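Below: one structure, written as structure tokens.
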Amino acid sequence: MGLFGKLLGREGAQPKEVAEAPKAEAAEVKSAKETGQERVKTMLESAQRNKTKLFGGVGTALARVGGSLRDAFILTIGGAEKGGKAAVTKIMEGGRAAATYASETKREAGEIGRNVVREGNKLDSDMADALSDAFTREATNLQTWVENNVRGGETKWTNFDITTRQMDKDLTELKKAPLDALLTEAKNNKTLKPVATFIDNLRRLPADAEKAFTTLNTSANEAQKKFDGYKNDARLVFTTAAELVGAFAELPAKVARLEASVPAVAKLAAVIPESPSASSSEAADADNKTWKPEAADSESETLIPRGENEEFESDEDVEIVKKAQA
Amino acid sequence: MTREEVIKLVQDSDLSAAGKNTWISRIREEGLTQALLDDLKAVFQIEIDSGFEKLGIDISDTPEYKAQEAAMVKDVEAAKGDYDQKMTAIASQLKQAEADALKAVDDIKIQAVKSSIA
């Protein structure tokens, strides 16, 4: 056990590792049967996972620094004989808030991640079951099954997408949670300047990641739009020929509906998007104001206090703080 | 187009009743955000693709289709490569920022220990 370990009374008080960078997703293997659309979908899903990993890395980094900072302040209070105790206590509260915030971020990301996985599994399972049922039916019923179930499948995908979007929304709101107490103190303290820089980075880097993700989506949408435009135009040429053939009585009506749908997509492409709704950002602000640090989670790796009377882990800690507050 | 006009597009579409309700709720809740418009366009396109497929109109085996599809994938791959590079840089900055912060905290600990010994 090293000097710090002896002084702190515990091994490993000195974090040995810094944040694990989210590793780039392993190169996606392109299957021979995979269509271009599927390939694009795989790439975008991989990008989404990469971004989620980064957010998790931010929470972990904050937990490590917050925990270490708390240890440092306990040491400082124990060692300080003259003045500054109140200020140190105040800074420590900031450190504790930061560590709690980190814990919340990690817990929330984990919970939502599990929801996404659960939804995904449910989706796969439902689709697999339905598909299995379909293949056991007579071939003449297949068309009916497709018509009834493809739509159901889309609804499930929509629900899955909504869950994924909710994850983004929740994490965005969590990022706004108050680190201000620690940041203000750190900025006023020369020694803690790198900690202030760290907190600034924690706010900037996820925003940078969001921006990169948005840029990727914009590029992907643009490429898909071009391809969809080509497909729609090319197929409409074919429908004209098909109408002449008149193989099916209902064909002209179906073609008419499809022809009406294509401009609808073009119309949507021309809509000027609105900013994210004001009501949701107000709600996020309100959440920030009511955010309670004592809502810490037991899964946290950090030394998170659980309540007013349980601020510190050991009796020794409590004694140190009592002395500091005296 | 206004929200109500987009809602009408959804109502007039071939989406299922449940799908329409989900989309109308989203439009009312989120507004016409870029993400929502992109998702809605994708769903409409799926409907169109499925409609043409049911009509037996398949152009996917033509050289032109394959070239257009390859161009789309190439564009997205380039964008994804750029994204991966940015994310690697961001992760590296996070790692460095954490290392700097931990070093600053270590210095505080050293000072605290020195004070307690002195």
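The model shown is predicted, which means the values in this text are computed figures rather than measured ones. Chain identifiers are assigned alphabetically (A, B, ...) following the order of the sequence lines, protein sequences preceding nucleic acid strands; residue numbering begins at 1 within each chain.
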To the closest 0.5 Å, what do you measure between [atom1] ([X]) and [atom2] ([Y])?
{"X": "B:K86", "Y": "A:T215", "atom1": "NZ", "atom2": "OG1", "answer": "4.5 Å"}
{"X": "B:L94", "Y": "A:D208", "atom1": "CG", "atom2": "CG", "answer": "11.5 Å"}
{"X": "B:M87", "Y": "A:K51", "atom1": "CE", "atom2": "NZ", "answer": "8.0 Å"}
{"X": "A:R39", "Y": "B:E69", "atom1": "CZ", "atom2": "CD", "answer": "11.5 Å"}
{"X": "A:N50", "Y": "B:T88", "atom1": "CG", "atom2": "OG1", "answer": "7.0 Å"}
{"X": "A:K226", "Y": "B:Q68", "atom1": "NZ", "atom2": "CD", "answer": "8.0 Å"}

Which atoms form the tightest heavy-atom contact between B:V73 and A:G36, and what is the distance?
-> CG2-CA, 3.6 Å
Heavy atoms only: give me the nearest A:A220-B:V76 pair and the separation to one decimal.
-> CA-CG2, 3.9 Å
Run the salt bridge (Lys or Arg N to Asp or Glu O under 4.0 Å) check on A:K231 and B:D49 step by step: do they pass?
-> CA-CA 9 Å; A:K231 266 195 309 189; B:D49 289 348; 3.0 Å; yes
Pick from A:N217, A:N221, A:V40 with the largest number of heavy-atom pairs that fall under 4.5 Å of chain B | A:N221
Proximity breakdown for B:E5 and chain A, heavy-atom pairs closer than 4.5 Å | neither
With chain A, which of B:E64, B:Q93, B:K103 has the greatest number of heavy-atom pairs at distances under 4.5 Å?
-> B:E64
Side-chain touch [X]/[Y], heavy atoms, less than 4.5 angstrom:
{"X": "B:F44", "Y": "A:D228", "answer": "no"}
{"X": "A:L54", "Y": "B:I90", "answer": "yes"}
{"X": "B:I48", "Y": "A:N232", "answer": "yes"}
{"X": "A:Q224", "Y": "B:Q45", "answer": "no"}

Indicate whether any N or O donor in one side chain lies under 3.5 Å from an N or O acceptor in the other, for A:N201 and B:E98.
-> no
Angle class for the B:Y65/A:F227 ring planes (parallel below 30°, perpendicular above 60°, tilted otherwise)?
-> perpendicular
Sub-3.5 Å donor-acceptor pair from the side chain of B:Y83 to the main-chain atoms of A:A47, do we have one?
-> yes
Heavy-atom distance under 4.5 Å to chain B: side chain of A:K211, backbone, both or neither?
-> neither
